[in-house]
Amino acid sequence: MGATYVDVTIRNPADLQQSWTGTFLVDTGAYDSLVPRARLEAIGLKPKGRREYTLADGTGISLEITTADLEFEGEVVGGTIVYGEDAAEPLLGVTALESGGFEVDPRNQELKRLPAILLK
């Protein structure tokens, strides 16, 4: 099974003209999305708090977070974004993925639109 990538635009909800577009690894094991700090700062986003996360190796870490609009595959969702290191690979987490109405098709390494978004 390979990796799935998608182009995502991050927009500052306070000023929609400020945005950044990058290629994100779709990470169904990550709850929130992650963007390099420099990219978030460049579009005027500021940290809104911290959250405790568990890394793949089981290590706990406290990271700054913010919120922004994420646009991908023709959908716009609001989401929590983690401030990553400047060299970090951008990640699209499962909450943004599902909020947009998508799942990963592992065979074709593409996003697949769900027939409907659950509201229960």
| D105 side chain to K112 backbone, donor-acceptor under 3.5 Å | no
| Which heavy atom of E89 sits nearest a heavy atom of L34, and at what distance? | O-CD2, 3.6 Å
| said: Main chain of S62, side chain of R50: is a donor-acceptor contact present, judged purely on distance under 3.5 Å? | reply: yes
| task | State the CD1-CD distance between I10 and Q18, to the nearest 0.5 angstrom. | result | 13.5 Å
| request: May I have the step-by-step check of side chain to side chain contact (heavy atoms under 4.5 Å, CB included) for L25 and L92, ending in yes or no? | output: CA-CA 6 Å; L25 172 64; L92 183 66; over 6 Å; no
| said: Grouping I, L, V, M, F, W and Y whenever their side-chain heavy atoms are under 4.5 Å apart, do I61 and L91 come out in a common cluster? | reply: yes
| said: Between T66 (side chain only) and I81 (backbone N and O only), is there a donor and an acceptor less than 3.5 Å apart? | reply: no
| task | First locate atom OG1 of T21, then atom CD of E71, and finally report the distance between them rounded to the nearest 0.5 Å. | result | 8.0 Å
| query | Between D86 and A38, which heavy-atom pair has the shortest distance, and what is it? | reply | OD1-N, 2.9 Å
| Atom CD in E41, atom NZ in K46: separation rounded to 0.5 Å? | 7.5 Å
| task | Identify whether V35 and Y5 are in the same connected component of the hydrophobic contact network (ILVMFWY, side-chain heavy atoms under 4.5 Å). | result | no
| request: Work out which heavy atom in V104 is nearest to a heavy atom in T4; give both atom names and the distance. | output: CG1-OG1, 3.6 Å
| field | Spacing of CG belonging to L70 relative to OG1 belonging to T95, to within rounding of 0.5 Å | value | 8.5 Å
| note | dist L16:CG -> R11:CZ (nearest 0.5 Å) comes out at 7.0 Å
| request: Find out if a path of hydrophobic residues (ILVMFWY) with successive side-chain heavy-atom gaps under 4.5 Å connects V77 to L97. | output: yes
| Hey, does F72 have a side-chain heavy atom less than 4.5 Å from the side chain of L111? | yes
| said: Strictly distance-based, threshold 3.5 Å: is any side-chain N or O of S33 a donor or acceptor partner for the main-chain N or O of G93? | reply: yes
| query | Going only through I, L, V, M, F, W and Y residues with side-chain contacts under 4.5 Å, is there a path from V26 to V94? | reply | no
| request: May I ask you to say whether E75 pairs ionically with R113, meaning some side-chain N is under 4.0 Å from a carboxylate O? | output: yes
| message | Once ring pair (Phe, Tyr, Trp, His ring centres under 6.0 Å) is applied, what residue pairs with a partner in residues 22-58 remain, sequence neighbours excluded? | response | W20-F24
| said: With a 4.5 Å cut-off on side-chain heavy-atom distances among I, L, V, M, F, W and Y, is there a chain of contacts connecting V8 to Y83? | reply: yes
| Is it true that a side-chain atom of D32 and a backbone atom of V82 form a donor plus acceptor pair closer than 3.5 Å? | no
| note | Distance col, row I65:CD1 vs L45:CG, nearest 0.5 angstrom, shows 12.5 Å
| message | Tell me whether the count of non-hydrogen atoms from other residues, nucleotides or ligands lying under 6.0 Å of CD in E85 goes above 12. | response | no
